[in-house]
Amino acid sequence: HFLSSSHHLFFHLTQYQPPLSPITPPKTAFQSMPSHEINQHRSRTRPSTSSSRPQQPVQARIPLRKLLRVASVASGIQFGWALQLSLLTPYVQQLGIPHKWASIIWLCGPVSGLFVQPLVGHLSDRCASRFGRRRPFILVGATSIIVAVVIIAYAADIGWLIGDDVSQSYRPYAIGVFVFGFWILDVANNVTQGPCRALLADLTRNDARRTRVANAYFSLCMAVGNILGYATGSYSGWYKIFTFTITPACSISCANLKSAFFLDIAFIAVTTYLSIVSANEVPLSSRGEAHAGEGAGESGGAEEAFMWELFGTFKYFSMPIWIVLSVTALTWTGWFPFTLFDTDWMGREIYGGDPNGGLVYDSGVRMGALGLLLNSVVLGITSLLMERLCRKRGAGFVWGLSNISMTICFISMLVLTYAAKSIGYVEKGLPPPTGIVIAALAIFTILGFPLAITYSVPYALISTHIEPLGLGQGLSMGVLNLAIVVPQIIVSLGSGPWDQLFGGGNSPAFAVAAVAALFSGLIALLAIPRTGTQKPRIRV
């Protein structure tokens, strides 16, 4: 409205004719021009009032079905994540890493996310490629994921070729290859996921409702990827289909993991293609390209400028932004212990198995993968209802309620662990009672509701709050990412030794998770406005 009013005011001013004086001076060439030519001349010579940040090209409103196709790359990313979350913690212990140090392996994810995702967001805000700002990063990230998955899948074989003794439980070369591939995988995931969320925010800018819908679509696609990934991880017969995966260094469980990653490669290739061809991203204008070059700096100064800009944005943050970041940090302090040890908890505490002690532990891990599959089904259903829930009850209320449910679930896991020890079926060499297994699966399933909220609401809120500040959506995703990865670094460093301090197992880490989830839920309920957002009125 401001721009429209300014335009009309300028039009009337240019049309205004002063009264003639008794002596009328001769008209200049400029004054003798027709009024419409004067307007065109002045509009060309009017100084630019744009800021130094890149200008976002004006785009038509994107159909919702196209937003869904753009978000589909999340399915491919999450397919691989599901395999990581369900199978890799047990796998690294089978390679010889003790339980108390298994969480250190996961440190590479948050460390790479601390720097990579904000930097990628910063660079993508200024990318002047003719293919768009976000799509080149999505394509490079997806290609890197495929390379990393191949390295992880063949870690045991490469370690054996270098010199590992497959008869020993500790394989140092295989561990080194695995960690190398795992670092590449986490960096690639951060390169891909951040620009994809920023692209959705670009396509729905200035429309809070469609931003929530786009993030709900992203959460839905993550749920689909989770379902397929966990279903793949829970099946124990892949080695029969991909018979070439069994080698002297790779047992049945390793061959199943390797086969699952081959399926992941095919799936991420398809979803990445669908996403990048559906976006129709408009490149930055020539003015945006110029400013992008200025903002990025020269002679390798982009990273330095990025760090100063990232932390320099903090002084512009309002209290609602700090509340969203605080709740996000506490939420992920609760989620990350579960992310690290969910299937390991099922294999150890519920089934009473040992990672290097036979098939009992593997059975528990596969049952945990089944529980995560059910978790993803609930996640997908919740994603479909997300917009309605937030519109009626408010995003803060829904977020707070979901985190309170997290607390209840984590406490239930502690109670179930105590009940399993009290019954004593492990010492007797018996399988877990059906009731214990069903209760554990129920906990995994219910946690799909708060997980869907975590995957969607914080991103929609931070995008809505940062947009008025004039910051790029890539940078805003990077800022939120800081609130996610810092707690993950703390949990990765401390959860293993913390568990060992109390005699091993996963219960101490889950106790910390329950406390963090409780505080995050209370802050969300009390500090984030509860009023739902109505559908925006369309103004012509």
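Separation of atoms CG (Leu384) and CG (Leu220) is listed at 5.0 Å; rounding is to 0.5 Å. Once rounded to the nearest 0.5 Å, the distance linking CD1 of Ile484 with CD1 of Ile489 reads 12.0 Å. Atom OG of Ser251 and atom CG of Leu257 lie 10.0 Å apart (nearest 0.5 Å). Here Leu199 contributes atom CG and Arg197 contributes atom CZ; the two are 12.5 Å apart, rounded to the nearest 0.5 Å. With values rounded to the nearest 0.5 angstrom, Tyr235 atom OH is found 6.5 Å from Lys240 atom NZ. Annotation: the span from Thr454 atom OG1 to Met406 atom CE amounts to 6.0 Å, rounded to 0.5 Å.
The shortest distance between side-chain heavy atoms of Leu480 and Tyr459 falls below 4.5 Å. Taking the side chain as every heavy atom from C-beta outward, Val179 and Ile175 approach each other to under 4.5 Å. Residues Leu161 and Tyr173 form no side-chain contact, since every pair of their non-hydrogen atoms from C-beta on lies 4.5 Å or further apart. Between Ile145 and Val191 the shortest side-chain heavy-atom distance does not fall below 4.5 Å. A 4.5 Å side-chain heavy-atom check between Tyr425 and Pro432 finds at least one atom pair inside the cut-off. At a threshold of 4.5 Å between non-hydrogen side-chain atoms, the residues Val270 and Leu274 do not count as touching. Looking at heavy atoms from C-beta onward, Lys258 lies in side-chain contact with Thr247 at the 4.5 angstrom threshold. In this structure, the side chains of Thr245 and Cys250 stay at 4.5 Å or more apart for every pair of heavy atoms.
Without hydrogens or angle criteria, Asn226 side chain to Ser376 main chain gives no donor-acceptor distance under 3.5 Å. Checked by atom type and distance alone, the side chain of Asp264 never pairs as donor or acceptor with a backbone atom of Ala260 at under 3.5 Å. For the pair Ser275 (side chain) and Thr272 (backbone), a donor-acceptor distance under 3.5 Å is absent. Under a 3.5 Å cut-off, the side chain of Ser75 and the backbone N or O of Cys221 do form a donor-acceptor pair. Of the possible donor and acceptor atoms, one in the side chain of Thr333 sits under 3.5 Å from a partner among the backbone N and O of Ala329. Listed for the Asn403 side chain is no donor-acceptor partner under 3.5 Å among the backbone atoms of Ala517. A donor-acceptor pair is defined here as one N or O able to donate and one able to accept, closer than 3.5 Å; no such pair exists between the side chain of Ser234 and the backbone of Ala369. Using modelled atom types, no side-chain atom of Asn375 and backbone atom of Gly371 make a donor-acceptor pair closer than 3.5 Å. Side chain of Asp165 to backbone of Ser167: a donor-acceptor contact under 3.5 angstrom is found.
Within 6.0 Å of the CZ atom in Phe180, the count of heavy atoms belonging to other residues, nucleotides or ligands does not exceed 12. Taking a 6.0 Å sphere around CZ of Phe262, one finds it holds more than 12 heavy atoms contributed by other residues, nucleotides or ligands. Atom CZ of Phe242 has more than 12 neighbouring heavy atoms from other residues, nucleotides or ligands inside a 6.0 Å radius.
Judged purely by distance below 3.5 Å, without hydrogens or angles, the side chains of Thr339 and Trp332 never pair a donor atom with an acceptor atom. Tyr361 and Asp344 are linked by a side-chain donor-acceptor pair at a separation below 3.5 angstrom, with hydrogens and angles left out of the test. Counting only N and O atoms by type, the side chains of Ser253 and Asp362 include no donor and acceptor under 3.5 Å apart.
Leu340 approaches Val491 most closely through the heavy-atom pair CD1-CG1, 4.2 Å. Closest approach of Pro487 to Leu482, counting heavy atoms only: CD-O, 4.2 Å. Closest heavy-atom contact between Ala223 and Leu379: CB-CD2, 3.0 Å. Smallest separation of non-hydrogen atoms from Met346 and Gly368: CG-N, 3.7 Å. The shortest heavy-atom contact between Ala516 and Gly334 is CB-N, 3.9 Å. Among all heavy-atom pairs drawn from Pro450 and Trp335, the shortest one is C-CZ2, 3.7 Å.
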request  = Evaluate side-chain contact (heavy atoms from CB on, under 4.5 Å) for Val177 paired with Tyr154, printing each intermediate quantity in order.
outcome  = CA-CA 9 Å; Val177 174; Tyr154 282 92; over 6 Å; no
task = Could you give me the CA-CA distance, side-chain angles and deciding distance for Phe182 and Gln84, then say whether side-chain contact (heavy atoms from CB on, under 4.5 Å) is met?
result = CA-CA 9 Å; Phe182 199 58; Gln84 286 182 256; 2.9 Å; yes
ask   = What do the steps show when you test Trp399 against Thr328 for side-chain contact (heavy atoms from CB on, under 4.5 Å), and what is the final call?
value = CA-CA 10 Å; Trp399 195 4; Thr328 300; 3.4 Å; yes
message = Test side-chain contact (heavy atoms from CB on, under 4.5 Å) on Leu370 and Tyr230; report intermediate values, then the result.
response = CA-CA 6 Å; Leu370 176 61; Tyr230 291 134; over 6 Å; no
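Exactly one residue among Leu447, Ile446, Ile453 makes a side chain to side chain contact (heavy atoms under 4.5 Å, CB included) with Phe449. That residue is Ile453.
Using the six-membered ring where Trp is involved, Phe338 and Phe444 have ring planes that are perpendicular, over 60° apart on the 30 and 60° scheme.
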